[in-house]
Amino acid sequence: MTTIAGPQLFRTSAHAANPGELQQALTATWQELGAAGNDVARAVTINFVAVGRAGSDGAAATADMQGALDHLIRRSPARAFLVTIDAAAARPAVEVRAIARDRGSSRHVLLESIAVRLPPSWSPHVPGLVRPLLINDLPTHVYWADDWHDSAAFDAMRALGDHTVVDSRRFTLPAVQLPELHRARTTGGPVTDLDWLRLRPWRRACAEGFERLHFLPGTTVQGVIRHGRGGTSTATLLAHWLESRLGAQLALEEGETPDSALENVTLRFAEQELEVTRTGSCVLLKASTPAVCYLPLRLPGSRGNEGELLAAAIDIA
């Protein structure tokens, strides 16, 4: 058997800089890429800008965004800005690096990563720092990887791109922040919520259940959505969807688990019942009428990590 080696990835070293030297750091990265006499070409398809806020561990926020980016570039090579607002940072710091794929004497750049750590006082300067370095003629996707602290700051970052991604699972006050997210959708370009994508299996299971039951428009639907302590936003999104589709009257119940996942959805109408329950990596659908109890149906749950969800959000933009 003959083994055919696949393309090799080349990773540059990190080039540190201050915000005023970003272009020079990018130039140094490209010089490293071509140092062995390789022909270097950019293969990126998007600009990607992620903005997050460091918690007690300042490194964690950047590591989380970098992990998501590593998954994203498998489908969407990018020039990526990873901006971390860190209250512990005394001054701005920048690191530039690249990943390229070697094919013979050619090197195709898949990622130009510009990691920026800033103190909060620098937050208003982020758009001015990023905008000059966006690659012209490529779509720009902005990922607001943060709680919703400031609508003005969100709007300023959103203005950089053609499409904005949020993750409402990060919201600490979803009852207030989800209406703000709805406002954003009605006043500008497209906004995709990663938590809405996580709900696909639950929405599919509910739709499948109504294929088995007999529902007439105007029928009163009552139900309960049970969720983990971190899943209020997820449960609220599903409740709004069911209310808009069915006029359902739903109660949210917080369970004992600390995670952010849904646990159970139960809907009752006209002596019929539909129940969707999380079971490991799947969701289990049960549907019954006064005359029939259907066999349970097991459907795959959401298995996408943050990077895969980001790639899906960009694909559908």
Side-chain angles (χ1 to χ4, degrees), residues 166-186 190-304 309 312-313 316:
V166 302
D167 188 354
S168 60
R169 182 175 284 187
R170 298 175 183 267
F171 292 177
T172 52
L173 294 171
V176 175
Q177 294 159 319
L178 285 175
E180 282 291 305
L181 180 59
H182 177 72
R183 174 202 62 80
R185 284 197 175 97
T186 61
V191 178
T192 303
D193 185 356
L194 297 188
D195 218 16
W196 178 248
L197 299 184
R198 293 187 187 99
L199 279 171
R200 280 175 168 174
W202 293 83
R203 292 185 280 125
R204 186 182 303 119
C206 289
E208 179 71 27
F210 275 90
E211 289 292 327
R212 300 177 172 210
L213 303 177
H214 182 61
F215 175 76
L216 294 175
T219 302
T220 299
V221 179
Q222 294 183 320
V224 176
I225 300 177
R226 189 173 178 84
H227 59 89
R229 292 198 296 272
T232 302
S233 175
T234 311
T236 302
L237 284 173
L238 182 60
H240 286 170
W241 180 69
L242 290 169
E243 289 166 359
S244 66
R245 291 300 184 94
L246 306 171
Q249 302 170 14
L250 299 168
L252 304 187
E253 290 187 359
E254 186 176 287
E256 296 300 323
T257 59
D259 64 27
S260 54
L262 295 181
E263 297 177 3
N264 176 271
V265 177
T266 303
L267 302 175
R268 298 183 179 91
F269 59 94
E271 299 184 317
Q272 302 177 85
E273 182 174 287
L274 181 156
E275 182 179 12
V276 183
T277 305
R278 180 180 59 160
T279 58
S281 62
C282 299
V283 293
L284 186 67
L285 166 65
K286 298 178 181 178
S288 62
T289 72
V292 179
C293 183
Y294 293 95
L295 288 174
L297 177 64
R298 193 179 299 271
L299 299 167
S302 177
R303 299 176 186 175
L309 289 172
I316 65 177

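Residue numbers run from 1 in the order of the sequence given.
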**Report entry** Backbone of His214 reached by a side-chain donor or acceptor of Gln272 within 3.5 Å
**Finding:** yes
Requested in this report: Kindly check if the number of other-residue, nucleotide or ligand heavy atoms within 6.0 Å of CG (Leu295) is above 12?
Outcome: no
Query raised in the report: Does atom CZ of Arg245 have more than 12 heavy-atom neighbours from other groups under 6.0 Å away?
Result: no
With the side chain counted from C-beta on, respond yes when [X] and [Y] share a heavy-atom pair under 4.5 Å apart, and no when they do not.
X: Asp195; Y: Phe171; answer: no
X: Leu194; Y: Arg169; answer: no
X: Arg212; Y: Thr289; answer: no
X: Ile316; Y: Leu197; answer: yes
X: His227; Y: Glu254; answer: yes
X: Leu267; Y: Leu250; answer: yes

**Report entry** Candidate list Leu238, Thr236, Val224, test side-chain contact (heavy atoms from CB on, under 4.5 Å), partner Leu252, passing option
**Finding:** Thr236
Report task. Show your reasoning for whether side-chain contact (heavy atoms from CB on, under 4.5 Å) applies to Thr234 and Arg198. Result -> CA-CA 8 Å; Thr234 311; Arg198 293 187 187 99; 5.7 Å; no
Roughly how far, to the nearest 0.5 Å, is the [atom2] atom of [Y] from the [atom1] atom of [X]?
X: Leu309; Y: Thr192; atom1: CG; atom2: OG1; result: 11.0 Å
X: Arg203; Y: Trp196; atom1: CZ; atom2: CH2; result: 4.0 Å
X: Arg204; Y: Ser302; atom1: CZ; atom2: OG; result: 9.5 Å

Which heavy atom of [X] sits nearest to which heavy atom of [Y], and what is that distance?
X: Leu284; Y: Lys286; result: CD2-CE, 3.8 Å
X: Thr186; Y: Arg183; result: OG1-O, 2.8 Å
X: Gly209; Y: Leu274; result: CA-CD1, 3.4 Å
X: Gly255; Y: Arg226; result: CA-NH2, 3.6 Å
X: Pro179; Y: Pro174; result: CD-O, 3.8 Å
X: Pro201; Y: Pro300; result: CB-O, 3.4 Å

Report task. Classify the angle between the aromatic ring planes of Phe269 and Phe210 as parallel (below 30°), tilted (30 to 60°) or perpendicular (above 60°). Result -> parallel
Query raised in the report: Cut-off 3.5 Å, side chains only: do Thr279 and Arg298 have a donor facing an acceptor?
Result: yes
Query raised in the report: Are the charged groups of Arg268 and Glu273 less than 4.0 angstrom apart, N to O?
Result: yes
